[in-house]
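What you are looking at is a predicted structure, and each value in this text was computed from that prediction instead of being measured. Each chain gets a letter, A, B and so on, in the order the sequences are listed, and its residues count up from 1.
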There are 2 protein chains.
Amino acid sequence: MRATEMTPNDKTNDSTEQKIFDAAHELFVQKGLDGAKMQEIADRAGINKALLHYYYRTKDKLYEMVAKSIIHQGIPIIQKTIESDLPLEEKIIKFVDFYIDLIRRNPFIPLFIISEMNKHPEQFIEKILPARLPRPEIFLKQVEDAVAAGTIRPVNPQHLLLNIISLCVFPFVARPIMQMVLGMQKTEADQFLKQRKTEVTEFIFAALRPR
Amino acid sequence: MRATEMTPNDKTNDSTEQKIFDAAHELFVQKGLDGAKMQEIADRAGINKALLHYYYRTKDKLYEMVAKSIIHQGIPIIQKTIESDLPLEEKIIKFVDFYIDLIRRNPFIPLFIISEMNKHPEQFIEKILPARLPRPEIFLKQVEDAVAAGTIRPVNPQHLLLNIISLCVFPFVARPIMQMVLGMQKTEADQFLKQRKTEVTEFIFAALRPR
DNA sequence: GTCTATAACTCGATAGAC
DNA sequence: GTCTATCGAGTTATAGAC
């Protein structure tokens with residue numbers, strides 16, 4: 001009953017423990033802690049309900065592991081980019097590029113994080129979030145400097161960061177509504193979201209162009 | 001047991017029925033259909049669990065009423081603005097203004113809609129969404145015309161609409177994460193979000209300025 | 001390690017007194 | 001209309017055989 005002993009090659013490990021974890025990952029992301037049922041997780045993993053408890057003891061513990069892995073997966077790449085010492089323009093391009101790629105590969109993760117954090121804030125902050133989150137100070141300073149140097153239009157650095165993230169993340173989070181309002185089918189929406197990278201980058205740079 | 005007979009002056013009606021509705025509203029918005037419990041709703045309303053069923057028969061029916069009222073509350077104002085024949089510039093200003101006001105008054109609503117729509121899509125589309133959603137065609141056409149006339153930079157109209165909505169909505173949806181990453185306290189975050197209206201408007205117009 | 005069976009519990013819903 | 005008491009379905013969790 002060692003849930004903590006992760007084998008090195010996570011990806012192609014089809015041990016029972018891993019199968020359970022993968023099934024749980026899928027269902028928790030889709031339905032949240034309350035919506036996902038242990039029976040369904042067991043079914044999807046192709047094993048018996050009792051085994052879930054054998055490997056992970058409780059639903060909460062299983063959830064905790066899944067949520068942690070989700071959070072810890074995306075953070076380093078964001079962190080590396082935002083905290084790097086690349087020049088501002090390059091940094092923005094890279095950030096948008098990596099971030100949208102990351103979300104396209106895991107489109108349900110942002111909504112999972114946001115809504116679970118709203119529903120179970122204590123649990124999330126205490127048990128799941130890492131000690132060290134990406135620190136935006138370097139980026140904010142770079143923006144200030146660029147404003148002072150006149151290479152970009154005067155903007156509040158924090159609002160700018162928030163704008164960039166909003167433009168990257170929100171369309172994926174609100175995808176079902178977007179499809180309805182813009183009258184898109186699934187494939188059209190896929191196509192449309194694929195264009196976001198260039199569209200967002202252009203939009204941001206246009207907004208930063210000094211007068 | 002008439003849940004449909006809403007008294008005209010909804011707001012200052014502290015009938016039992018209304019108290020239940022308000023408590024349910026608060027909890028469903030916060031925790032969603034699965035997370036909210038009837039016992040908790042009863043407690044918050046200061047009445048007994050049995051009364052919930054007396055007035056609203058089932059949890060699903062109660063949820064349906066709450067969700068409908070939420071959806072139907074915001075739509076007309078969005079619709080009026082986006083479908084109006086105001087000139088493009090004014091329309092964008094008004095849209096951002098109304099939209100951010102609406103969300104500031106009901107900061108949990110967008111996340112509620114998005115996540116419930118993801119978790120219970122059939123129920124939401126069939127029972128809760130109104131027959132007629134806001135139609136963006138007029139707006140999209142206006143953008144095309146403005147691009148053709150050279151009054152704004154060439155942009156894809158659909159992406160522009162999505163950008164505007166993203167900039168308005170996302171910061172409120174992701175507020176807890178924003179607070180953590182930017183290291184803000186509640187009051188600071190309030191203050192910061194208050195600035196979004198002008199910040200977003202400026203950002204959009206800067207991005208649309210023709211070269 | 002994996003399964004069947006079942007205990008223990010949560011929660012939505014109902015019965016019935018007042 | 002409102003309450004107490006309780007039922008019954010669905011879920012998490014455990015016991016125990018293999």
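Computed from coordinates, the B:Gln39 CD to D:dT6 C1' distance equals 14 Å when rounded to whole Å. In this structure, A:Tyr56 atom OH and D:dT14 atom P are separated by 17 Å, rounded to whole Å. Atom-to-atom, CD1 of A:Ile20 to P of D:dA13 comes out at 14 Å; the value is rounded to the nearest Å. In this entry the distance linking CG of A:Leu51 with C1' of D:dA13 reads 13 Å, nearest Å. The nearest whole Å value for the distance from the CD atom in B:Glu17 to the C1' atom in D:dT2 is 15 Å. For the pair A:Glu40 CD and D:dG10 C1', the computed distance is 13 Å after rounding to whole Å. Per the geometry, CG belonging to A:Leu52 stands 10 Å off P belonging to C:dC3, to the nearest Å.
Listed by chain and residue number, B:Asp145 satisfy the salt bridge (charged side-chain N to carboxylate O under 4.0 Å, His left out) test with B:Lys141 (two or more places apart in sequence, or in another chain). Here A:Glu83 pairs with A:Arg132 under the salt bridge (charged side-chain N to carboxylate O under 4.0 Å, His left out) rule; sequence neighbours left out. A search for salt bridge (charged side-chain N to carboxylate O under 4.0 Å, His left out) contacts involving B:Asp97 returns B:Lys197, not counting sequence neighbours.
Closest to the B:Tyr55 side chain, of the nucleotides D:dG1, C:dA13, D:dT12, is D:dG1. Between C:dG1, C:dA13, D:dG1, one nucleotide has an atom nearer to the side chain of B:Tyr54 than all others, and that is D:dG1.
Taking only side-chain nitrogens and oxygens, A:Thr58 never comes nearer than 4.0 Å to OP1 or OP2 of D:dT12. Taking only side-chain nitrogens and oxygens, A:Arg57 comes nearer than 4.0 Å to OP1 or OP2 of D:dT14. Look at B:His53 and you won't find any side-chain N or O under 4.0 angstrom from OP1 or OP2 of C:dT14.
Checking B:Gln18 against B:Asp22 by side-chain atom types alone, a donor-acceptor pair falls below 3.5 Å.
Residues A:Ala207 and B:Ala206 approach most closely at O-CB, 3.5 Å, considering heavy atoms.
Applying the salt bridge (Lys or Arg N to Asp or Glu O under 4.0 Å) test to residues at least two apart or on different chains, the pairs with a partner in residues 31-55 of chain A are A:Glu26-A:Arg44, A:Lys31-A:Glu40. Screening residues 112-127 of chain B for side-chain hydrogen bond (donor to acceptor under 3.5 Å, both in side chains), with sequence neighbours left out, gives B:Tyr63-B:Glu116. Within the structure, salt bridge (Lys or Arg N to Asp or Glu O under 4.0 Å) pairs that include any residue of residues 105-115 of chain A do not occur (at least two apart or interchain). Applying the salt bridge (Lys or Arg N to Asp or Glu O under 4.0 Å) test to pairs two or more places apart or on separate chains, none has a residue in residues 157-169 of chain A.
DNA chain C lies under 4.0 Å from no heavy atom of any residue of residues 23-38 of chain A. The stretch residues 43-50 of chain A touches DNA chain D through A:Lys49, A:Ala50, each having a heavy atom under 4.0 angstrom from the strand.
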